[in-house]
There are 2 protein chains.
Amino acid sequence: MARRSDHSREELEALAINAGHQLIGEQGFSHFSARQVALRIGYTVGTLYHIFGSYDELILRINAKTLDAWYGEMAAALQKNKSDPMRFLARHYLAYSTEHYQHWLALFEHHMEKGRAVPGWYREKLARFFVLMEDALLPRVGNNRKKAGKIAKVLWAGIHGICILSHTGKLDIVGAQSAEALALSLVDHYLAGVKHA
Amino acid sequence: MARRSDHSREELEALAINAGHQLIGEQGFSHFSARQVALRIGYTVGTLYHIFGSYDELILRINAKTLDAWYGEMAAALQKNKSDPMRFLARHYLAYSTEHYQHWLALFEHHMEKGRAVPGWYREKLARFFVLMEDALLPRVGNNRKKAGKIAKVLWAGIHGICILSHTGKLDIVGAQSAEALALSLVDHYLAGVKHA
DNA sequence: ACCTGAACACCGTTCAAGT
DNA sequence: ACCTGAACACCGTTCAAGT
């Protein structure tokens, strides 16, 4: 066997990442497996390990595809947006996590194997999201980047918390506010509180 | 084989739940398995399925043990606390999630098998946490329970978001504020914003 | 009624052996 | 150099068969 050379290494990488991305969208991260990716692209699991080295790396590359697509969409929409950028970003986060639920969830369900750190190239893709909000916040805080950074973190993390608890059914156990109402309440009142401080 | 009757059904349940709880503490939820629980208590996997019916049910019972212990500790500590109850709860959440990281994480990493809903008895155990904060908030909002409920949700979810992103290394990619600083900023400014609204 | 053992259909990971 | 096939050590789930 072997040495098919039907595809170059780059083609094979793209093939696997696209198939994996599709599989997550169809079945969710919990049912995702490298073996199914291999099956779908017509290669064996061994080949995937030859290319990606590990399951973690394969997932990271698939999640990176999600992050790239999401960031592009978010940045473009933010530029066109005429209303309050903070409210816009909160709404956008909720909408994206709903419309691309499986891909969004995979970003947070995957954890590196014990001992391994998230690689720098992946961390940078995450950082861009914070920077996007940070930049939008700068005019509000007298161009104080440190202050904007802290606010961006609190708001991103807060919106994420509302989002993840809402999607996993842990927020509707008492009362019945929508995730959007909660996220907008967070944005409005937190920013108002910061202003009055 | 069979019909050992070394333990009653109740004893067996407790045995499995305790062993499972211990296993999660030792190896984390991602390496947890029903087979290891069976091995540790000296029964077979079949017996666990006979008792619990499914993997989901076993995990729910183990997570319920965590929720009960946590709630008891939190409620008792809140009563003794003399400072601001909201700041106290934020700090307590962060501290508990750090000190009992694996058990805390298991609460949020487990998802029901597709189609199955979280049972009512488990949802009630979750609801108590919201009620705890709601009650502490009531004096601040003129005993308006609906308003307190909304604030409690935003704060719990927000603190949770800061907590989960912090523990999974997704908050320290830019800048360097501690999770506690972010959580206290959220509590202080959000509440201030609500007040000024 | 209770419990086992074995089977089924899966996993991630490794690697000698072929081309 | 590239790729396979098979093996290893695991999973959750089911169930006929024993006591």
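Being a predicted model, the structure only gives us computed values, none of them experimental. Order of the sequence lines sets the chain letters (A, B, ...), proteins ahead of strands, with each chain counted from 1.
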Examine distances only and state if a side-chain atom of B/His103 and a backbone atom of B/His21 form a donor-acceptor pair shorter than 3.5 Å.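 Yes; judged by distance alone, with no hydrogens or angles, the pair exists.
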
Nucleotide by nucleotide, nucleotides 8-15 of chain D touches protein heavy atoms under 4.0 Å in the pattern (B base, S sugar-phosphate only, - none) ---BBBBB

Can you find a pair of side-chain heavy atoms, one from B/Lys150 and one from A/Ser185, that are under 4.5 Å apart? yes

Side chain proximity check, A/Ile24 to A/Phe32, heavy atoms < 4.5 angstrom: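 Contact flag for A/Ile24/A/Phe32 side chains = yes.
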
For DNA chain C, list all stems, counting runs of three or more consecutive pairs where every pair is Watson-Crick or G-U wobble with both distances under 3.5 Å.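 Detected stem regions: C:4-8 with D:12-16, C:12-16 with D:4-8.
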
For [X] and [N], give me the distance from atom [atom1] to atom [atom2], rounded to whole Å.
X       : N     : atom1 : atom2 : result
B/His7  : C/dC3 : NE2   : C1'   : 14 Å
A/Arg9  : D/dC3 : CZ    : P     : 10 Å
A/His50 : D/dG5 : NE2   : P     : 16 Å
A/Glu10 : D/dC2 : CD    : P     : 10 Å
A/Leu39 : D/dT4 : CG    : C1'   : 15 Å

Walk me through whether B/His167 and B/Trp104 qualify under ring-ring contact (aromatic ring centres under 6.0 Å, His included). CA-CA 11 Å; B/His167 281 303; B/Trp104 173 78; 5.4 Å; yes

Base, sugar-phosphate or nothing for A/Leu12? Non-hydrogen atoms, less than 4.0 Å.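 Sugar-phosphate: the residue A/Leu12, judged by heavy atoms under 4.0 Å, touches backbone atoms but no base.
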
Using a cut-off of strictly less than 4.0 Å, decide whether B/Arg4 has a side-chain nitrogen or oxygen near OP1 or OP2 of D/dT19.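 No, outside the criterion.
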
Hey, can you pull the donor-acceptor pairs under 3.5 Å for the side chains in residues 169-184 of chain A, sequence neighbours left out?
from: A/Gln177; atom 1: OE1; to: B/Lys153; atom 2: NZ; distance (Å): 3.4
from: A/Ser178; atom 1: OG; to: A/Ala181; atom 2: N; distance (Å): 3.0
from: A/Glu180; atom 1: OE2; to: A/Arg91; atom 2: NE; distance (Å): 2.8

Lys/Arg N to Asp/Glu carboxylate O, A/Arg61 vs A/Asp56, below 4.0 Å: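 No, no charged N to carboxylate O under 4.0 Å.
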
Under a 4.0 Å threshold between the charged nitrogen and the carboxylate oxygen, would A/Arg128 count as salt-bridged to A/Glu124?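 Between A/Arg128 and A/Glu124 there is no salt bridge, as every charged N stays at least 4.0 Å from the carboxylate O atoms.
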
When the ring planes of A/Trp156 and A/Phe129 are compared, do they come out parallel, tilted or perpendicular, using 30° and 60° as the limits?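 A/Trp156 and A/Phe129: perpendicular rings.
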
